[in-house]
Q: 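I am attaching a structure below and will ask some questions about it afterwards.
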Amino acid sequence: MGDDIQDKNGGHPGLPGRRVTARIKAMTIWQIPLRNRVVSIVGPTASGKTALAIALARALREKGQKAEILNADAYQMYKGMDIGTAKPTAAERAAVPHHLLDIIDPAEPMSVARFQKIVRDEIVRLDALGIRSILVGGSGLYARAATDVMGLEPHDEKVRAVLEERAWQEGPSALFAELEEKDPRAAAGMDPRNVRRTVRALEVIALTGKPYSSSLPTYQYAMPVLQIGLDLPRAELDRRIGLRTGQMRREGFLDEARRLQGRLGPTASHAIGYPQMQAVLDGSLSQDEAFEQIAQKTRRLARKQMGWFGRDPRIHWLEALDPDVEAKALDLVGTADAGGFAADDGPVAPTRHHLGDIDRPGA
RNA sequence: GGCUCUGUAGCUCAGUUGGUAGAGCACACGACUGAAAAUCGUGAGGUCAACGGAUCGAUACCGUUCGGAGCCA
């Protein structure tokens with residue numbers, strides 16, 4: 001067998017370049033072949049991804065197709081973290097089957113690699129049943145891990161712990177110096193002060209003996225996918241975030257956090273809002289201050305998400321405020337299924353102004 | 001009314017024994033492969049409350065005014 005390990009791992013791009021990509025595309029040999037094209041809905045929090053996904057699933061159902069929703073959000077996978085993560089409501093879940101919600105305990109750690117395995121298994125399982133997966137998520141890395149050619153290198157808790165201990169003892173620059181020596185290319189791609197990334201690079205090198213790819217693969221799908229992005233003006237986004245934060249407060253976010261007290265693991269404890277609620281429970285923060293902080297952090301998250309998705313040239317952007325978004329999304333799916341789009345590219349390369357700087361002053 | 005403290009970046013505050021200023025957070029932009037709602041980088045913000053005095057030179061010293069806080073009456 002001439003099976004190439006690199007390939008199995010998702011391939012490390014940057015070597016052969018565009019030409020090979022084009023050939024693979026022409027042959028449509030997918031790393032993960034599917035009968036039903038996956039639809040991935042991305043965009044900032046509070047842009048209406050869940051609502052669009054449900055509307056789309058229903059519209060497809062009317063056309064005699066089967067489509068169900070897969071959660072691609074790291075924090076909504078946790079049981080009990082409902083209000084703070086703006087999990088779809090019971091009514092929404094009743095409308096269309098949702099998968100990958102409430103699948104792990106808050107104490108458990110989540111990771112891109114683990115998520116990649118879980119979603120892909122689920123996508124394949126549903127596909128075999130003739131069901132199309134509609135992915136809904138706001139985390140760029142997770143969305144990419146689900147649909148893109150992206151092989152994750154191994155991981156070992158002990159190796160990492162040793163490196164982290166060293167970073168603590170010897171300082172980050174000592175570790176980075178070692179990385180520069182062992183893998184100059186990886187080192188060139190990251191900041192010496194970013195301990196997290198330095199540690200991971202050295203971890204991979206220690207485990208595989210091979211250099212670490214410090215940069216993300218080029219945009220290439222591992223399966224038939226259509227990505228739809230929801231865009232909206234910043235002012236409107238901020239307004240919605242404010243409203244949603246207020247709603248979380250009214251729905252009892254504080255009580256939810258009280259129930260989860262002391263049970264949040266390394267990943268779950270980083271979810272926006274929970275540390276703030278904990279501070280309220282400790283008495284070190286007032287509720288008003290806490291919710292103001294939550295809204296602020298959520299706004300920042302939204303900016304970050306817009307930046308991340310704005311860079312992906314394959315996303316087909318729709319205006320969230322457009323009254324016809326649902327119909328337009330359905331059209332996109334139809335066109336994609338008919339082979340109307342090149343496998344990896346949208347019809348129009350997205351430009352900066354798609355991403356909500358409409359309300360920029362001056363001009 | 002008297003006494004004391006106080007007014008520096010959007011916010012909380014450093015600082016200059018007199019040579020026109022910084023930090024954290026927020027904001028803008030960016031990087032990103034097993035914590036990603038993470039981690040990290042870069043940048044833009046200030047007639048140092050106002051006016052006057054002394055000084056080569058004031059945000060800093062002196063005076064007055066205005067605004068805040070506290071104590072005593």
Side-chain angles (χ1 to χ4, degrees), chain A residues 9-14 44-46 72-78 81 84-87 104 106-118 137-146 148-157 159-161 163-164 167 172 176 186 188-201 203-205 207-208 210-220 234 238 241 245 264-276 289 292-312 352 355-357 360-362:
Chain A
N9 246 352
H12 287 271
T45 9
D73 179 299
Y75 295 92
Q76 291 187 3
M77 288 177 213
Y78 288 113
M81 296 172 72
T85 63
K87 215 177 266 179
I104 52 174
E108 284 181 63
M110 186 26 88
S111 72
V112 213
R114 186 173 174 200
F115 169 71
Q116 186 178 55
K117 172 139 187 28
I118 295 173
S139 156
L141 186 62
Y142 275 51
R144 283 251 253 154
D148 285 13
V149 171
M150 192 170 136
L152 284 318
E153 301 290 352
H155 161 70
D156 187 292
E157 225 29 82
V159 173
R160 178 178 296 183
L163 287 163
E164 272 167 355
F176 191 76
M190 57 180 85
D191 191 282
R193 284 158 288 199
N194 197 335
V195 185
R196 197 106 125 196
R197 300 233 306 137
T198 306
V199 165
R200 165 98 266 244
E203 177 191 358
V204 171
I205 293 164
L207 291 169
T208 65
K210 292 189 299 185
Y212 174 73
S213 332
S214 64
S215 44
L216 281 158
T218 49
Y219 296 108
Q220 195 189 334
R234 282 193 181 190
D238 290 352
I241 288 169
T245 306
L264 301 183
T267 316
S269 59
H270 282 117
I272 290 176
Y274 293 87
Q276 285 75 19
E289 288 168 327
E292 183 39 51
Q293 274 186 29
I294 291 171
Q296 194 167 61
K297 284 185 180 297
T298 307
R299 271 179 249 131
R300 196 140 76 97
L301 166 66
R303 309 276 124 102
K304 201 169 129 184
Q305 290 170 312
M306 290 197 289
W308 178 283
F309 293 121
R311 239 164 279 133
D312 189 336
R352 242 48 197 75
L355 293 172
D357 43 8
R360 185 155 292 170

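All values reported here derive from a predicted model rather than from experimental measurement.
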Q: For A:Val199, is there any backbone N or O sitting under 3.5 Å from a side-chain donor or acceptor partner on A:Glu164?
A: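 Here the side-chain-to-backbone pair does not exist.
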Q: Determine the interatomic distance between C1' on B:rA44 and the same-named atom on B:rG10; round to the nearest Å.
A: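 Their C1' atoms lie roughly 13 Å apart.
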Q: Which value, in whole Å, describes the distance between the C1' atoms of nucleotides B:rA21 and B:rA60?
A: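 Going atom to atom, C1' in each nucleotide, I get 11 Å.
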Q: Taking A:Arg160 first and then A:Glu157, would you say they form a salt bridge - that is, a charged N and a carboxylate O separated by under 4.0 Å?
A: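 Answer for the salt bridge query: no.
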Q: Closest to the A:Arg193 side chain: B:rA37, B:rC32, B:rG41?
A: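 Closest nucleotide among those given: B:rG41.
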Q: Glycosidic conformation of B:rG53, syn or anti, with 90° from 0 as the boundary?
A: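 You should classify B:rG53 as anti.
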Q: I want to check one thing: is the phosphate of B:rA37, taken as OP1 and OP2, less than 4.0 Å away from some side-chain N or O of A:Arg300?
A: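 Result: no.
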Q: Could you tell me how far B:rC13 sits from B:rA69 if I compare only their P atoms? Round to whole Å.
A: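 Between the two P atoms, the distance is 14 Å.
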Q: Could you let me know what B:rA21 is paired to, Watson-Crick or G-U wobble, both distances under 3.5 Å, or none if it's on its own?
A: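 Checking every strand shown, B:rA21 finds no partner, since no pair has both distances under 3.5 Å.
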Q: Looking only at the side chain of A:Leu141 (C-beta and beyond, no hydrogens), which of the listed nucleotides B:rU39, B:rA36, B:rA31 gets closest?
A: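 Of the options given, the side chain of A:Leu141 lies nearest B:rA36.
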Q: Among B:rU39, B:rC32, B:rA35, find the nucleotide with the atom closest to the side chain of A:Ser215.
A: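 Closest of the options to the side chain of A:Ser215: B:rC32.
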Q: Among B:rA37, B:rG41, B:rU39, which nucleotide has an atom closest to any side-chain atom of A:Asp191?
A: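 So the side chain of A:Asp191 is nearest to B:rG41.
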Q: Nearest 0.5 Å please: distance from the OG1 atom of A:Thr298 over to the CD1 atom of A:Ile272.
A: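 Answer for the OG1-CD1 pair, A:Thr298 versus A:Ile272, is 4.5 Å.
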Q: Mind checking the P distance from B:rU20 to B:rG34? Whole angstroms is fine.
A: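 B:rU20 and B:rG34 have their P atoms separated by 47 Å.
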Q: Checking contacts here: which listed nucleotide (B:rG34, B:rC32, B:rA26) is nearest the side-chain heavy atoms of A:Ser111?
A: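 Of all the options, the side chain of A:Ser111 is nearest to B:rG34.
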Q: Nearest of B:rA37, B:rA28, B:rG34 to any side-chain atom of A:Tyr75?
A: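 The answer is B:rA37, which lies nearest to the side chain.
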Q: Give the intermediate values and the outcome of side-chain contact (heavy atoms from CB on, under 4.5 Å) for residues A:Glu289 and A:Gln276.
A: CA-CA 9 Å; A:Glu289 288 168 327; A:Gln276 285 75 19; over 6 Å; no
Q: Check the distance between B:rC32's P and A:Tyr219's OH and give it to me in whole angstrom.
A: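 One finds 8 Å between P of B:rC32 and OH of A:Tyr219, rounded.
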Q: For B:rG34, does OP1 or OP2 lie under 4.0 Å from any side-chain N or O of A:Arg114?
A: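 No, A:Arg114 has no side-chain N/O under 4.0 Å of OP1/OP2 on B:rG34.
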Q: Just N and O in the side chain of A:Arg234: are any of them under 4.0 Å from OP1 or OP2 of B:rA28?
A: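 Answer yes for this pair, as a side-chain N or O of A:Arg234 is under 4.0 Å from OP1 or OP2.
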Q: Would the base of B:rA36 count as contacting A:Gln116 through its side chain, where contact means a donor and an acceptor less than 3.5 Å apart?
A: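 Per atom types, no contact qualifies.
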Q: Provide the distance between the two P atoms, one in B:rG24 and one in B:rG67, to the nearest whole Å.
A: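 It comes out at 35 Å once rounded to the nearest Å.
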Q: In whole Å, measure the gap between the C1' atoms of B:rG45 and B:rC25 for me.
A: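 The answer is 14 Å between these two C1' atoms.
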Q: What's the closest nucleotide to the side chain of A:Leu301 if the choices are B:rA26, B:rG34, B:rA37?
A: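 Nearest to the side-chain atoms of A:Leu301, counting from C-beta on, is B:rA37.
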Q: Write down the distance between CG (A:Asn194) and C1' (B:rU42), rounded to a whole number of angstrom.
A: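 Roughly 14 Å, once rounded to whole Å.
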Q: B:rA31 phosphate, OP1 or OP2: any side-chain N/O from A:Arg311 under 4.0 angstrom?
A: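 Yes, such a contact exists.
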Q: Of the candidate nucleotides B:rC27, B:rA36, B:rG34, which contains the atom at the shortest distance from the side chain of A:Tyr212?
A: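 Minimum distance to the A:Tyr212 side chain belongs to B:rG34.
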Q: Among B:rA26, B:rA36, B:rC40, which nucleotide sits nearest the side chain of A:Thr267?
A: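 In terms of side-chain proximity for A:Thr267, the closest of B:rA26, B:rA36, B:rC40 is B:rA36.
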Q: A:Gln276 has an atom CD; how far is it from atom P of B:rA26, in whole Å?
A: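 In whole Å, B:rA26 P lies 11 Å from A:Gln276 CD.
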Q: Please determine, for the side chain of A:Arg303, which listed nucleotide (B:rA28, B:rU39, B:rC32) has the closest atom?
A: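 Looking only at heavy atoms from C-beta outward on A:Arg303, the closest nucleotide is B:rA28.
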Q: Using heavy-atom distances to pick each residue's nearest nucleotide on RNA chain B, tell me which of A:Gly189 and A:His155 is more 5'.
A: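 First, find each residue's nearest nucleotide; the 5'-ward one identifies A:Gly189.
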Q: If you take all heavy atoms of A:Pro109 and A:Thr267, which pair is closest and at what distance?
A: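 Nearest pair, atom of A:Pro109 first, then A:Thr267: CA-OG1, 3.4 Å.
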Q: Specify the residue among A:Arg160 and A:Gly140 whose closest nucleotide of RNA chain B lies further upstream toward the 5′ end.
A: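 Between the two, 5'-proximity favours A:Arg160.
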